[in-house]
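These notes are about the structure you will find just below.
Everything numeric in this text was worked out from a predicted model, so none of it was measured. What you see below is based on every heavy atom in this structure, not just the backbone, and it leaves out hydrogens, waters and symmetry mates.
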Amino acid sequence: MRDVELYRQLLGLEQPWSVERVELSLEERRVDVFASHAEGLAWACPECGGELALYDHAEERAWRHLDSCGFTTWLHARPPRVSCPSHGVRQVRLSWAEPHSRFTLLFERLAIDVLKETDVSGAAAILGTSWDETWGLMERAVRRGLERKPHRVPALLGVDEKAAAKGHSYLTVVCDLQRGTVDYVGDERTRASLDAYFERFSAEERAQIRAVALDMWQPYLNSVRASLEDPERKIVFDRFHIMENVGRAVDSVRKREHKQLRAQGVELLTGSKYLWLYAQENLPERHRERFDGLKSANLKTARAWAIKESLRGLWGYRRRGWALRFWKRWYFWATHSRLEPVIKVARMLKRHFQGVLNFFDHRITNAVAEGLNSKIQTVKKMAYGFRNRDHFKTAIFFHCGGLHLYPAITHGNAG
């Protein structure tokens, strides 16, 4: 098989395109493939599809292709242009690359696979591209995926925030809990941040949203209440955020008691902070003996921890009525504990209890959103942070958006 036929097959070129010649540079470890087309053909206008005679050619361009045995490979061609009565002079579509791209479709698909496994710098090193070129490939993939994404209204939403940078810089992340994907990323964590998501849908479409899992951040609550019908029945306060609040109350009790004990020369609680934040079954085996001793030491912290652990049983009930009975008993215990931080968090939960109880109607949590949040944090660490907020959004959609990122491989005839 001649080299021109070999590269025609490797590149997937079809009539009217063929390989004219192949140039090999051992010194530069580079292969240059030059493509040309047959004469006297009609070409389709890229805008309307009308078949037209050749007008002229654009300047020769080169597209990076998949390497050949470790040699960087470039495809060269002069793209044909047509003069359309409706759209003017336009360059025709090429079967091996998307418009305005400097890479073949097959190279872009490889780049997406590599970017899924590493950060932009690592992908650039593997692909032999610059950082800017590699980032451009990611941006193109996300743009392509968002353009293809169907307009649909998730029935179950998860709303959470994500720190975008050090300080008080946040993003609002909306997840489709059924599909396990990020549906929207907005700037900051204000009511307007979430309003912008709901405004993408008509009132009829928003009526299809059955429930929203979120924490008790007031701007988000205001947005949900203003955007959805019967919001009080659709707001579900996330159990993980609830337990996080109760855990903070336990830690406040520990801090106060530790200060009192140290004043008496007792170091019993030193180094025990994270032991009290574990769920009982998740406590590492190496800490169990010490923790059993702490629990039996008649500590206020131990009582606060027991109240926290008891509350976890609320979500084990299948029926709303039984859950309500359990809540009343737990609330009495918490508010009569004489532990100020515990009493404070119990009263806070009572003020928002409708949203807590709605769990038993919808059975949703923000576990999916928390999982995506963890993935987003990994993406952020891999990139050593994102100084550019838009870059961070692009990376979130690339890794967590569930988008169809790959370019379509098509080999259509010119005409």
Do the side chains of [Y] and [X] get nearer than 4.5 Å, heavy atoms only?
X: Phe103; Y: Glu133; answer: yes
X: Tyr406; Y: Arg144; answer: no
X: Leu157; Y: Ile364; answer: no
X: Ile376; Y: Cys400; answer: yes
X: Leu372; Y: Val173; answer: no
X: Phe237; Y: His352; answer: yes
X: Trp315; Y: Ile242; answer: yes
X: Tyr184; Y: Asp176; answer: no

Looking only at side-chain N and O atoms, does [Y] offer a donor or acceptor that is under 3.5 Å from a partner on [X]?
X: Tyr220; Y: Thr172; value: yes
X: Thr73; Y: Asp67; value: no
X: His391; Y: Trp135; value: yes
X: Trp276; Y: Ser272; value: yes
X: Asp183; Y: Tyr197; value: yes
X: Glu267; Y: His258; value: no
X: Gln218; Y: Asn222; value: yes
X: Ser193; Y: Glu188; value: no

Q | Within residues 232-242 or reaching into it, pairs that qualify as side chain to side chain donor-acceptor pair (under 3.5 Å) - sequence neighbours excluded | A |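 Listed once each, the pairs are Arg225-Glu232, Asp238-His241.
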
**Q.** Pairs satisfying side chain to side chain donor-acceptor pair (under 3.5 Å), at least one member in residues 80-92, at least two apart
**A.**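 Sorted result for residues 80-92: Asp56-Arg81.
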
**Q.** Steps toward side-chain contact (heavy atoms from CB on, under 4.5 Å) verdict (Leu115, Phe398)
**A.** CA-CA 9 Å; Leu115 281 163; Phe398 183 87; 3.6 Å; yes

With ring centroids as reference points, do [X] and [Y] lie under 6.0 angstrom apart?
X: Trp96; Y: Trp63; answer: yes
X: Phe34; Y: His76; answer: yes
X: His37; Y: His57; answer: yes

Q: Show the numbers, then the answer: is there a side chain to side chain donor-acceptor pair (under 3.5 Å) between Gln377 and Asn373?
A: CA-CA 6 Å; Gln377 185 63 24; Asn373 214 351; over 6 Å; no

